[in-house]
Amino acid sequence: MPILMFIGLNIQYKLYIMKFTLKKPVKWSGQTPLPEEINTVNSNPALSEFELLSMLATLHGITAFDILIGATEGTEKDRAVSEVLNAFQQFISPKMPLSNYDNKDARIVK
């Protein structure tokens, strides 16, 4: 259900406020302490997950590009990316499934 609505140029926009709560403690060595709760505002609930991931990356001090290109195993960057992705999973849990693909990388038909 949309929380905020506004009208501009004869187009109605619905903004969703999504509240993400950390479900269990995670290892975090980011530049900024990890909050217990992060709120996002977006017109699409699915895009709120990307906004959450972006916020976590920013709090840790890495970029989306760092996550996309990965890192050599065991490096400082690898640990940073792993911490961000682990925190992301703990914030969106217990939303299931976390992916629209099965263990064989085939799309799950809904």
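Any value given below was found using the heavy atoms of this structure, including those in side chains, with hydrogens, waters and symmetry copies removed. Nothing here was measured: the structure is a model prediction, and the numbers come from that model.
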Show me the donor-acceptor pairs within less than 3.5 Å that the side chains of residues 52-60 make with the rest of the protein, sequence neighbours left out.
from, atom 1, to, atom 2, distance (Å)
Thr58, OG1, Ser54, O, 2.9
His60, NE2, Glu83, OE1, 2.7

*Pair Phe20-Thr40, side-chain contact (heavy atoms from CB on, under 4.5 Å): steps then yes or no*: CA-CA 8 Å; Phe20 296 98; Thr40 64; 3.6 Å; yes

Is there a side-chain contact (heavy atoms from CB on, under 4.5 Å) between Phe91 and Ile38 once you walk through the steps?
-> CA-CA 8 Å; Phe91 270 102; Ile38 296 177; 4.0 Å; yes

Item to complete: For Asn42 and Leu15, run side-chain contact (heavy atoms from CB on, under 4.5 Å): C-alpha distance rounded to whole Å, both residues' side-chain angles, the deciding distance at 0.1 Å, then the answer.
Response: CA-CA 5 Å; Asn42 206 300; Leu15 295 179; over 6 Å; no

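Atom CD in Gln90 sits 12.5 Å away from atom CH2 in Trp28 (nearest 0.5 Å). Separating the CZ atom in Arg79 from the CD atom in Glu73 is a distance of 11.0 Å, to the nearest 0.5 Å. Note that CG of Leu34 and OG of Ser29 are 11.0 Å apart. Values are rounded to the nearest 0.5 Å.
Scanning for salt bridge (Lys or Arg N to Asp or Glu O under 4.0 Å) contacts around Asp78 gives an empty result, with sequence neighbours left out. Qualifying salt bridge (Lys or Arg N to Asp or Glu O under 4.0 Å) partners for Glu37, counting only residues two or more places apart in sequence or in other chains: Lys19. With sequence neighbours excluded, no residue forms a salt bridge (Lys or Arg N to Asp or Glu O under 4.0 Å) with Lys23. With sequence neighbours left out, the side-chain hydrogen bond (donor to acceptor under 3.5 Å, both in side chains) criterion links Asn44 to no other residue. In terms of the salt bridge (Lys or Arg N to Asp or Glu O under 4.0 Å) criterion, Lys27 has no residue partners (sequence neighbours excluded). In this structure Ile69 satisfies the side-chain contact (heavy atoms from CB on, under 4.5 Å) test together with Phe65, Lys77, sequence neighbours excluded. Residues meeting the side-chain contact (heavy atoms from CB on, under 4.5 Å) test with Asp102, sequence neighbours left out: Lys104, Ala106, Ile108.
Under the ring-ring contact (aromatic ring centres under 6.0 Å, His included) criterion, no residue pair touches residues 67-86, with sequence neighbours excluded.
Counting only distance, with no hydrogens or angles, the side chain of Thr63 and the backbone of Asp66 share a donor-acceptor pair below 3.5 Å.
Clustering of Ile, Leu, Val, Met, Phe, Trp and Tyr by side-chain heavy atoms under 4.5 Å joins Leu47 with Phe50.
Taking each heavy atom of Leu22 and Ala87 in turn, the nearest pair found is CD1-O, 4.4 Å.
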